[in-house]
Structures are given as structure tokens and as C-alpha cells.
Amino acid sequence: MSALIISGDTSGTISLQAPAVAGSSTLSLPAVTSTVTTTNTVTGQAIGFVNKLRNGSFVVWPNGTSGSVTTSATGSSSITASGWAAIATGATITWSQVTTGNNGSPQSLKLTGATSVTDITLGQRIESYDAAPLAGQTCTFQITVTNNTGGSITPTIATRYAGSTDVWTSPVADLAATNLQAVANGATATLAYTLSVSSNAVNGYEIKIDFGNNFSANTKYVTVTAADFRVTPNVATGTNSSPPTPELLPIQAMFMWCRRYFQASYDNGTAPGTSTTNGLAGNGFGATNIAGAGWVTFIPEMRAAPTFAYWDSAGNASKTTAWSGGGMTSGKTDNLTPSIVPGVYGTKTVFFGFNGLATYTNASLHYTAYSDFW
């Protein structure tokens with residue numbers, strides 16, 4: 001009995017050949033060739049928390065929708081849209097929300113210069129838990145930029161990792177400042193770069209985009225949106241002309257993620273210190289002239305014990321509001337000093353209290369809680 005002969009080679013070609021059959025006739029099959037073509041470029045899907053940047057769609061604004069950043073700004077005063085810290089060189093810069101976006105994002109961040117401004121840098125630090133999947137991998141960063149500085153710009157990208165887990169006192173350079181694509185004045189472009197991320201990214205990872213010395217007047221600005229940073233196996237390193245579609249999470253998921261680092265009682269986009277009763281956190285005494293206590297529970301749990309600041313409903317810092325009864329406006333008194341200054345207890349709770357405030361039955365405050373890395 002004869003058998004069908006199947007053969008192949010390393011090129012992916014498969015051949016089939018039937019041998020001659022003994023007897024008065026011969027049966028033969030023509031050679032059949034099948035060529036299999038594969039591709040090694042995998043950029044990942046745009047779903048499922050593959051994007052490790054918070055607020056890549058620029059929809060969460062715990063510091064309001066506009067503000068300024070001085071050359072010495074640190075902590076929450078450096079935060080523009082949630083997660084995004086701006087660094088000003090030479091003089092104070094301003095920032096604002098733009099209610100139109102690009103590349104699938106609904107909103108953008110505008111960074112504006114002024115006389116004596118010599119540089120604007122925008123950065124984000126990624127917590128170790130989220131950075132760990134990037135460690136030792138080939139990854140692609142992208143951001144969409146609109147240039148209105150009056151001339152062409154060529155931003156740079158630089159990355160670092162934390163010296164120890166989520167501790168940024170001694171960060172270590174990973175990718176030195178490297179040119180991204182040029183953006184002509186008046187143009188919008190998606191800037192993208194693929195890099196080999198250090199295995200030390202398990203400690204936490206930082207990306208900074210430097211827009212250079214192009215902002216010497218308050219008419220010069222850039223807007224940014226649609227930021228994404230993810231693992232992209234087998235993609236060549238260097239500038240990337242075809243990055244994957246950015247993953248922009250639903251706003252409810254983005255809010256919860258961002259609240260781990262910066263929470264506020266104010267509505268999204270309302271600046272801390274605004275005069276409003278919307279969102280006040282409070283406690284009820286139940287009777288006049290008695291001791292009372294209240295607390296704020298952070299949902300979700302914050303990254304670390306936060307820096308806590310508070311205001312009354314009229315916007316007075318380090319003061320609270322109390323009521324003698326009625327609704328949110330009836331019997332309301334602002335500018336009161338709590339008998340127990342709000343105290344932070346771990347990553348979940350802040351406690352505050354009043355003692356013997358005659359005629360008042362409840363008390364409230366506005367707050368911000370900050371535990372980001374800047």
C-alpha cells in the first residue's frame with residue numbers, strides 16, 4: 001500500500017504528492033502548494049485598560065476648568081486636568097479646558113505662555129501597579145497636539161522610573177529627551193514614539209513632553225488631547241507614524257480611576273474655593289448646642305494618605321458652614337472654625353467635629369484630597 005506524501009520547508013510552503021499506483025494504470029496528483037503569510041506587528045486592542053495613562057481623554061478636572069502654574073508649583077497646584085502636571089520655566093503659565101477634542105477625545109487641555117516663559121513641560125507619573133505590565137516591554141506613547149505658537153515646534157519625549165516603589169525623590173532616567181514629530185503652526189498632529197521600557201518600571205513610570213521655548217507671549221499656546229501609552233509587541237522603536245487607536249475609557253471609569261489620586265467635593269470642573277453649596281460634605285448634630293462629629297469617606301480608597309484642604313460654602317479657606325435648621329440656605333452661617341481641625345486617617349477617612357456651637361444643628365465643608373506624585 002502506498003501513502004500520500006506530505007512535505008514542507010521552513011518558508012511555509014506545503015507540498016502534497018501521490019505516488020504511482022502499481023497495476024495497469026497510474027494515478028498521480030499534481031503538486032499542491034499552500035503559502036502561509038504571517039505578520040509580527042501587534043498593537044493591541046483599544047479596549048480593556050490597555051492604556052496606562054489616566055485621563056487620556058482629558059474629561060476629569062478637579063482643579064476647575066482654568067488656572068495657572070507658577071515656576072515653583074508642586075503638588076495639586078501643578079495639576080491641570082486630572083493626572084497631568086504642568087511645569088513652567090521662566091514665568092507663570094496658564095491652562096484651560098477646551099470643550100472640543102481630537103482623535104476620538106471629547107475635550108482638550110490648552111497650555112498658554114506669557115512674557116518671559118522659556119519652556120512648558122507636561123507630565124504624568126504612573127503608579128507601580130499600573131506600570132508593572134509595561135516593564136521590560138516595547139511600548140508606544142501618543143498624544144494629539146494642536147500648535148498655535150506662531151512657528152513650527154518639535155516637542156521631545158523623556159521617561160524615567162521611580163527609584164523605589166512609588167517614591168519619586170530619586171527618579172532614574174530611562175529614555176533621554178528625544179525628538180517627536182514636528183508640528184507646523186496652525187496644524188494638528190498625533191505625535192507617537194515607541195520605546196523599550198526598563199524592567200525597573202515596576203517601581204512606577206513617568207512620561208514628560210517638553211514643548212520647548214516657544215511660549216514668550218500670551219497669544220502662544222498648544223492644546224493636547226487623546227493620550228495613550230501601552231504595550232505594543234514587535235513594533236520598531238523610534239518615532240511611530242501609525243500608532244494604535246487610543247483607548248479612551250468611559251467617563252464613569254475615568255472618574256473612579258482619577259479619584260484614587262485627587263478627589264474634591266466640588267462638581268467636576270468647579271474650582272476649589274468656589275462659593276457653592278453643591279456637593280458639601282457634612283454631619284448632623286440632631287439638636288442645638290451639642291457636640292457633633294463627621295467624616296469624609298474616600299471612594300475609591302486613595303493611593304496614599306492625602307493632603308486635605310477645606311473651605312466653607314462661601315469659599316473661605318480652612319472654615320466650615322453650619323445651619324440652625326432648614327435647607328441648604330436657610331439659617332446658614334459661613335466662616336466658622338471647627339473645634340476639631342479635619343484629620344486624615346489613612347487612605348479612606350477624614351474626621352472633623354464641632355463642640356457646643358449654640359443654635360446650630362449641623363455643619364458641613366467643601367474639600368479636596370490629593371495623593372498624586374507631583
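Computed from a prediction, not measured in an experiment: that's the story for all the values here.
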> Would the distance check show the side chain of Asp267 and the main-chain N or O of Thr270 forming a donor-acceptor pair, the cut-off being under 3.5 Å?
no
> Given 3.5 Å as the limit, does a donor-acceptor pair link the side chain of Ser164 with the main chain of Val167, or not?
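Side chain of Ser164 to backbone of Val167: no pair is present.
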> Is atom CH2 of Trp295 surrounded by more than 12 heavy atoms (other residues, nucleotides or ligands) closer than 6.0 Å?
no
> How far apart are the closest heavy atoms of Ala281 and Phe352, and which atoms are they?
O-CZ, 4.4 Å
> Who clusters with Phe262? Use side-chain heavy atoms, under 4.5 angstrom, across I, L, V, M, F, W and Y, and order the result by chain and number.
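Joined to Phe262, directly or through intermediates: Ile79, Ile87, Tyr370, Trp374.
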> Check Ile143, Thr156, Asn240, Leu175 against Tyr193 for a side-chain contact (heavy atoms from CB on, under 4.5 Å) and give me the one that passes.
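Checked Ile143, Thr156, Asn240, Leu175 against Tyr193; only one passes side-chain contact (heavy atoms from CB on, under 4.5 Å): Leu175.
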> Determine yes or no for a side-chain-to-main-chain donor-acceptor pair under 3.5 angstrom, with Asn147 supplying the side chain and Gly151 the backbone.
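It does hold such a pair.
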> Hydrophobic cluster membership, with links at side-chain heavy-atom distances under 4.5 Å among I/L/V/M/F/W/Y: are Tyr345 and Ile340 in one?
yes
> Tell me yes or no: between the side chains of Ser108 and Thr223, is some donor less than 3.5 Å from an acceptor?
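Note: Ser108 and Thr223 side chains miss the donor-acceptor criterion.
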> In sequence, state the C-alpha distance, the side-chain angles, and the governing distance for Leu122 and Leu109, and then conclude on side chain to side chain contact (heavy atoms under 4.5 Å, CB included).
CA-CA 10 Å; Leu122 185 69; Leu109 166 65; 3.9 Å; yes
> May I ask whether Val341 and Val344 are part of the same hydrophobic cluster, defined by side-chain heavy atoms of I, L, V, M, F, W, Y residues being less than 4.5 angstrom apart, directly or through others?
yes
> How would you list, by chain and number, every residue that makes a side-chain contact (heavy atoms from CB on, under 4.5 Å) with Asp174, sequence neighbours excluded?
Thr159, Tyr161, Val197, Ser198, Tyr205
> Would you find a donor on one side and an acceptor on the other, under 3.5 Å apart, between the side chain of Gln181 and the backbone of Thr239?
no
> Who pairs with Glu301 by side chain to side chain donor-acceptor pair (under 3.5 Å), at least two apart in sequence or on another chain?
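Only Thr347 meet the side chain to side chain donor-acceptor pair (under 3.5 Å) criterion with Glu301.
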> Members other than Trp311 in its cluster, when Ile, Leu, Val, Met, Phe, Trp, Tyr link by side-chain heavy atoms under 4.5 Å?
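Trp311 shares its hydrophobic cluster with Tyr266.
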> Hey, is the main chain of Pro244 close enough, under 3.5 Å, to the side chain of Gln142 for a donor-acceptor pair?
yes
> Ser82: which residues meet the side-chain contact (heavy atoms from CB on, under 4.5 Å) condition with it, sequence neighbours left out?
Asn55, Val60, Pro62, Cys258
> Tell me every residue that passes salt bridge (Lys or Arg N to Asp or Glu O under 4.0 Å) with Asp372, counting only those two or more places apart in sequence or in another chain.
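With neighbours one apart ignored, the set is Arg54.
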> Under the 3.5 angstrom rule, does the side chain of Thr276 hit a backbone N or O of Thr274 as a donor-acceptor pair?
no
> Residues in side-chain contact (heavy atoms from CB on, under 4.5 Å) with Ala217, at least two apart?
Thr219, Lys220
> For a 4.5 angstrom cut-off between non-hydrogen side-chain atoms, does Val117 reach Ser216?
no
> Do any N or O atoms from the side chain of Asn268 and from the backbone of Val59 form a donor-acceptor pair under 3.5 angstrom?
yes
> Hydrophobic clustering (ILVMFWY, side-chain heavy atoms < 4.5 Å, transitive) - are Ile209 and Tyr221 grouped together?
no
> Excluding sequence neighbours, so at least two apart, what forms salt bridge (Lys or Arg N to Asp or Glu O under 4.0 Å) with Asp334?
Lys332
> So Asp130 and Phe229, do their side chains get closer than 4.5 Å, heavy atoms only?
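No, their side chains stay 4.5 Å or more apart.
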> Take Ile207 and Gln124, measure what side chain to side chain contact (heavy atoms under 4.5 Å, CB included) needs, and give me the verdict at the end.
CA-CA 6 Å; Ile207 292 179; Gln124 184 169 138; 5.8 Å; no
> Going by side-chain contact (heavy atoms from CB on, under 4.5 Å), Ser68 matches just one of Thr92, Thr112, Ile93. Which one?
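Testing each of Thr92, Thr112, Ile93 against Ser68, the sole residue satisfying side-chain contact (heavy atoms from CB on, under 4.5 Å) is Thr92.
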> Can you check whether Ser275's main-chain N or O pairs, donor with acceptor, with His366's side chain at less than 3.5 Å?
no
> Is the backbone of Asn51 close enough, under 3.5 Å, to the side chain of Glu247 for a donor and an acceptor to pair up by distance?
yes
> Go through it in stages, so that I can follow the logic: the residues are Thr190 and Thr144, the test is side-chain hydrogen bond (donor to acceptor under 3.5 Å, both in side chains), and I'd like the CA-CA distance, side-chain angles, deciding distance and then a yes or no.
CA-CA 4 Å; Thr190 295; Thr144 299; 2.9 Å; yes
> Restricting to pairs with a member in residues 197-208, which pass salt bridge (charged side-chain N to carboxylate O under 4.0 Å, His left out), not counting sequence neighbours?
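Every pair satisfying salt bridge (charged side-chain N to carboxylate O under 4.0 Å, His left out) with a residue in residues 197-208: Arg125-Glu206, Arg160-Glu206.
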> Would you check if there is a donor-acceptor pair between the side chains of Ser105 and Thr225 at a distance under 3.5 Å?
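Looking only at side-chain atoms, Ser105 and Thr225 do form a donor-acceptor pair, the distance falling under 3.5 Å.
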> Any side-chain heavy atom of Thr320 within less than 4.5 Å of one from Tyr310?
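The answer is yes; the side chains approach within 4.5 Å.
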> In this structure, would Val98 and Leu111 fall into the same cluster of hydrophobic residues linked by side-chain contacts under 4.5 Å?
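Each belongs to a different hydrophobic cluster.
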> Verify the distance criterion only: is there a donor paired with an acceptor across the side chains of Thr194 and Thr140 at less than 3.5 Å?
yes
> According to side-chain contact (heavy atoms from CB on, under 4.5 Å), who are the partners of Thr89, at least two apart in sequence or on a separate chain?
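Testing Thr89 for side-chain contact (heavy atoms from CB on, under 4.5 Å), a comparison that skips the adjacent residues, returns Thr118, Asp119.
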> If we check side-chain hydrogen bond (donor to acceptor under 3.5 Å, both in side chains) with Ser128, which of these qualifies: Asp166, Asn203, Thr165?
Asp166
> What verdict does the side-chain hydrogen bond (donor to acceptor under 3.5 Å, both in side chains) test give for Thr188 and Thr146, after you've listed the backbone C-alpha separation in whole Å, the side-chain angles of each residue and the deciding distance to 0.1 Å?
CA-CA 4 Å; Thr188 297; Thr146 300; 2.7 Å; yes
> To which residues is Met256 joined in a hydrophobic cluster, defined by side-chain heavy-atom contacts under 4.5 Å among Ile, Leu, Val, Met, Phe, Trp and Tyr, whether direct or through other members?
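Answer for Met256: none, a lone residue.
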> Does Gly150 offer a backbone N or O that forms a donor-acceptor pair with the side chain of Asn185 under 3.5 Å?
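Answer holds: yes.
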> So does Lys348 have more than 12 non-hydrogen atoms from other groups sitting under 6.0 Å from NZ?
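For Lys348, atom NZ is not crowded (no more than 12 foreign heavy atoms under 6.0 Å).
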> State the CZ-CZ distance between Arg303 and Phe298, to the nearest 0.5 angstrom.
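Between Arg303 CZ and Phe298 CZ, I get 13.5 Å after rounding to 0.5 Å.
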> Report yes if the side chains of Thr368 and Gln263 come closer than 4.5 Å at any heavy-atom pair, otherwise no.
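No, every pair of side-chain atoms sits at 4.5 Å or beyond.
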> List the residues meeting salt bridge (Lys or Arg N to Asp or Glu O under 4.0 Å) with Arg260, not counting sequence neighbours, and say none if there are none.
Glu127
